[in-house]
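Please read the structure below before turning to the comments.
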Protein chains: 2
Amino acid sequence: MAARTRGMASDIQERIKRLIIDQRLPSGAPLPTETELMELLGVSRNSVREALKGLQAMGIVEIRHGFGTYVGPMSMAPMIEGLLFRTVAGHYRGEDSLLQLLELREAVETGLIARLAGRIPPADLAELDALVERMEAEAAEGAVRAETDRAFHAALHRGLDNLLLSEVLEAFWDAFHRVRTDLVDLHADPKVTCRQHREILEAVRTGDVVRAEAAVRDHFGDIRERLRSPHHD
Amino acid sequence: MAARTRGMASDIQERIKRLIIDQRLPSGAPLPTETELMELLGVSRNSVREALKGLQAMGIVEIRHGFGTYVGPMSMAPMIEGLLFRTVAGHYRGEDSLLQLLELREAVETGLIARLAGRIPPADLAELDALVERMEAEAAEGAVRAETDRAFHAALHRGLDNLLLSEVLEAFWDAFHRVRTDLVDLHADPKVTCRQHREILEAVRTGDVVRAEAAVRDHFGDIRERLRSPHHD
DNA sequence: CTAGCTCAGTTGGTTAGAGCAGCTGACTCT
DNA sequence: AGAGTCAGCTGCTCTAACCAACTGAGCTAG
C-alpha cells in the first residue's frame, strides 16, 4: 500500500503519471482503457475514472468518449482556467483581481521586451508588419478583432525562443482576454490600440530597448486606465 | 440544457463554479454535501464526485474526508503540479524542458528586478539581510537549505505589491526546485550562492537597476551552467 | 470495382445501491 | 471538571448494470 492518509484516488493518479513518465509516452499516445487500468491497478472502475478526471483537469490525460484515453497535450490550458476562475471570483467579491492580472501581464511583458528588442528574426518582423496592417484595417471598420491582437503578441513572443515561456505568456493573455469579455467592456479606441502596437513593433525592430519598454508600458497603462474608469455592474 | 456534446461532468463543474461565483463564496466557505449537490443538480452521486475531483485538481474546491467540501484556496498549486509533470516528462523524453523552466524563471525575475530596485520597504530589507546571514551560516555547515533560498525570493518579491504576481513567481520557484531535487543534483557551491544573493540584495538596496539585473542574471547563469554540465542518468 | 451505408463491437459516460472510513461534537463515566 | 467513548455526519470505494459515442469491417448499391 502506498499512500494511506492521502486517499486512493491521489495514489492512482500518481501511478498513472509514473506510467506515462516511465514509458516515455509522448502527447497523444494511447493509455490503457479504463477496464485495463482497473485490472492493472487493482481498483474499481469508479476510482480509476475519478483519478482520470483529476488528471484530465490538469491536462495530463485526454479522454475521448467512445475512443479511448490518451496522454494529454500538457498545455497551459488548465492554468488559464484556474486564473480565469480565480480572477472572476475575486472580482465579484470586490477584489481588484482583474487589475492584478493585468499587472502580471504588464510586469512580465515589460521585462521581456528588452530581451526581444533587436533580436526578432526578419520573418517574424514581416508577420508583425502584416498583423499591424490587418489591425489598422479592422480598426477602420470599427474594432480590432481579439484574434488579431492575440496573433500579434504570439508572433512577438516567438522570438523568445522558449516554447514554455511563450505558452505561459499566451496563457496570461488568454486569461485576461476571457475575463475582459466576461466582465467588462473596456471600449478602447481601436486607432490608439493600433498606434501603440505599431510603436512597439518599430521599437523592437530598431532595437531601441528604452523605447520598446516605454511602448509596452504605454500600451498597458492605457488598458489600466480604462480598467479604473466606471464600467459595469 | 447546457452542454450536450461536452459531457455532463463538465456541465456539473460549470454549475458548481457558477454557484461559487454567484454566491460570492470566499475561500474556505462550505459547499453543499455530495448528497445535496446530487439532489440540487439532479445527477447521480458518482457524477457529482467526478466533477468535484476535476475541480479539486484545479484548486477550486477542497475536499476533506469525513468533514465536507469547501471552496478551495485557488492558489497556484495546480500550476506547479502541471509544470512539474510537464517538465519531468519532457526531460525523460530527452527534451531540454528543465532548461526551459529555468529560463522562464530567469526571464521573468530579471525583468522584474528593475521594478524592485530601490523600492523595497526597510522592513523587507531587514528580513532579506537576516536571510542572507542565515544562508551564510548554513553554507558554512555544508549546504544552504532550500527553504532559506525560497524565503529569500519570496521576501524579495513581496515588494512587487501584487499577490498574484508573487504567487506565480513562487510557483515557478517551487516547480523548478521540485524538478531539481527529483532529477538532478546541481551540487552548487554554497559560498558562491551566498555571494550572489548578497549581491542581489545590495543592488536592490542601493537602487542600482543595472547592477541588480546583472546580479540576477549572474545567479541564473550560474545555475544554467551547472545544468549543462554532466550530471545524472 | 468503388463509394457509401449499416451495424456490431469497443470504449467511455451515467446511474443505482451498498458498505467502508475519517472526522466532529455531544454524551458519559470517572 | 476532565478525559474517554460513541453516534452521526461526511466523504470514499466497490459492484453491477445499462446508456452513448466512436471506429472500422462488411455489406449494398451504383
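All of these numbers come straight from a predicted model, not from anything done at the bench. Chain A is the first sequence line, chain B the second, and so forth, proteins listed ahead of strands; every chain is numbered from 1.
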Quiz item: Does Thr33(A) have a side-chain nitrogen or oxygen under 4.0 Å from the phosphate oxygens OP1 or OP2 of dT10(C)?
Solution: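 Answer no for this pair, as no side-chain N or O of Thr33(A) is under 4.0 Å from OP1 or OP2.
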Quiz prompt | Residue from Glu50(B), Glu34(B), Glu39(B) passing salt bridge (Lys or Arg N to Asp or Glu O under 4.0 Å) with Arg45(B) | solution =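 Single pass found, and it is Glu34(B).
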What residues, two or more places apart in sequence or in another chain, satisfy salt bridge (Lys or Arg N to Asp or Glu O under 4.0 Å) together with [X]?
X         : answer
Asp129(B) : Arg205(B)
Asp149(B) : none
Glu81(A)  : Arg178(A), Lys17(B)
Arg180(A) : none

Go through [options] for me and flag the one nearest to the [X] side chain.
X        : options                   : value
Arg45(B) : dA16(C), dA18(C), dG12(C) : dA18(C)
Ala9(A)  : dT13(D), dC14(D), dT15(C) : dT13(D)
Thr69(A) : dG12(C), dT15(C), dG11(D) : dG12(C)

Tell me the interatomic distance from [X], atom [atom1], to [N], atom [atom2], rounded to whole angstroms.
X        : N       : atom1 : atom2 : answer
Arg49(B) : dA16(C) : CZ    : C1'   : 15 Å
Lys53(A) : dC12(D) : NZ    : P     : 17 Å
Ile12(A) : dC12(D) : CD1   : P     : 12 Å
Glu50(A) : dT14(C) : CD    : P     : 13 Å
Glu39(A) : dT11(C) : CD    : P     : 11 Å
Glu34(A) : dT15(D) : CD    : C1'   : 15 Å
Tyr70(B) : dT10(D) : OH    : P     : 10 Å
Leu41(B) : dG13(C) : CG    : P     : 19 Å

Quiz item: Partners of His177(A) by ring-ring contact (aromatic ring centres under 6.0 Å, His included), sequence neighbours excluded?
Solution: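 His177(A) satisfies ring-ring contact (aromatic ring centres under 6.0 Å, His included) with Trp173(A) once adjacent residues are dropped.
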Self-check item: Residues from residues 56-68 of chain A lying under 4.0 Å of DNA chain C - heavy atoms
Solution: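 Nucleic-acid contacts, sorted: Ile63(A), Arg64(A), His65(A), Gly66(A), Phe67(A), Gly68(A).
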Quiz item: Got a donor-acceptor contact below 3.5 angstrom from the Ser166(B) side chain to the Asn162(B) backbone?
Solution: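 Yes: the side chain of Ser166(B) pairs with the backbone of Asn162(B).
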